[in-house]
Amino acid sequence: WLRGLRDMFQNPFGKKRQDSDKSKDALPIGVPTGLKGGSSKSKTSATSSSTSASASSSVSAYKLEKELKTVEEKLAASDKKLSNAELASTHGGYVIDSFLFPATETVSNTTKSIFNGTDAKEVGEESATSVNADAFTKMIEFDGWDSSQESNGGPSNAFILKSCIVDLTLDYCTRLSTRKTTEYLDSISTLPDSEYPSFTTMEAKLTALVAKTEPYCANFNKCYANNFKKTEEGFDCRPTDCPFNNKAACAYVSGCLSSHIHDEYKDALDKLDSANSTSAAEPDSASAASATPPKEKTSSGGSWGMKK
């Protein structure tokens, strides 16, 4: 026991030193013992957490990229709709202008108005006057019915006029057909099932209604398919003046003689021709074409030889 007492006097702080050495390995208060440095378990846990975070980050980035692409597609679609709406608004304004301020031409002797379809009395040269021009009459003068798209130099005025007349005629005839169809269906809506006509009967009836109202509309499809030559039944697809009984329709189609509408169709045909040429060209040719500066666009003004 003396030896133990001697050791205690020689090292009175031995126990504290041992406790102090043990405390060196202890973690700060509040830190779980499982996170003690050098533990293989903690290292595995940290590696697993890092891998999980990396995978989660990749998924989030992919999801964000997908959402961004969706937003960009919606934005592009909205821009296209806005552009189309602006073009439609501009075109609508030009159509209204063509009604209020129709294209005119100076004539003498016999004056004919496309609005009333009556001939005025003969007048002298000094009494020449301006009258509303007729697009179908101009088509005969320009020999436009046989015109076609030109690959070089852009579309001719005759082909531009033909494209516009065909387009607006189709629009009017489609509206007429839709209107007659609606009226006819309303008239038979109260019929009992036993008296309801068959589809064949309804189609024949609707064709007759359109033909009675506008014969040109009833034959338009055949005319178009035959390049506006006479049909087998002898129908003349190239009238010398407006063939519509509805004089407002004549004024509508004659809007093609407006310089603004002419320029719209010319621009559209130029773009179509350019797109076709680009798709058919070789890569080198396409590069050379893209390097060529575009021609300056100028208004056709009096391209039809008439006043605006």
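Just the heavy atoms: all of them, side chains too, but no hydrogens, waters or symmetry mates, feed the values below.
A donor-acceptor contact shorter than 3.5 Å links the side chain of T174 to the backbone of L170. In this structure a side-chain-to-backbone donor-acceptor pair under 3.5 Å is present from T70 to K66.
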Could you list the donor-acceptor pairs under 3.5 angstrom formed between side-chain atoms of residues 213-225 and any protein atom two or more places apart in sequence or on another chain?
| unit_1 | atom_1 | unit_2 | atom_2 | d |
| --- | --- | --- | --- | --- |
| T213 | OG1 | L209 | O | 3.0 |
| E214 | OE1 | N245 | N | 2.9 |
| E214 | OE2 | Y172 | OH | 2.7 |
| E214 | OE2 | N245 | N | 3.2 |
| E214 | OE2 | N246 | N | 3.0 |
| Y216 | OH | C237 | O | 2.9 |
| N219 | ND2 | P215 | O | 2.9 |
| K222 | NZ | E233 | OE2 | 3.4 |

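Heavy-atom neighbours of E65 CD from other residues, nucleotides or ligands within 6.0 Å: at or below the threshold of 12. Within 6.0 Å of the CD atom in E141, the count of heavy atoms belonging to other residues, nucleotides or ligands exceeds 12.
Put simply, the side chain of Y265 does not reach to within 4.5 Å of the side chain of F159, judged on heavy atoms. Looking only at side-chain heavy atoms (C-beta outward), R238 and K229 come within less than 4.5 Å of each other. Two residues are said to be in side-chain contact when any heavy atoms from C-beta on lie closer than 4.5 Å; D134 and L257 fail this criterion. For the pair S254 and N132, the minimum side-chain heavy-atom distance is 4.5 Å or more. Side-chain contact between N226 and T231 is absent, with no heavy-atom pair separated by less than 4.5 Å. Proximity of W145 to I140: side-chain heavy atoms (C-beta onward) are separated by under 4.5 Å at one or more points. Taking the side chain as every heavy atom from C-beta outward, T169 and F136 approach each other to under 4.5 Å.
Judged as a side chain to side chain donor-acceptor pair (under 3.5 Å), not a single pair has a partner in residues 178-190 (not counting sequence neighbours).
Residue T240 comes nearest to T137 through the heavy atom pair O-OG1, 2.9 Å, listed as atom of the first residue, atom of the second, then distance. Here the closest heavy-atom approach between residue Y196 and residue M202 is recorded as CE2-SD, 4.2 Å. When every heavy atom of I188 is checked against every heavy atom of P197, the shortest pair comes out as CD1-CG, 4.0 Å.
When each of V166, L168, I160 is tested with C164 by the rule side chain to side chain contact (heavy atoms under 4.5 Å, CB included), just one qualifies, namely L168.
By the rule that hydrophobic residues join a cluster once side-chain heavy atoms approach within less than 4.5 Å of another member, F199 and V210 end up as members of separate clusters.
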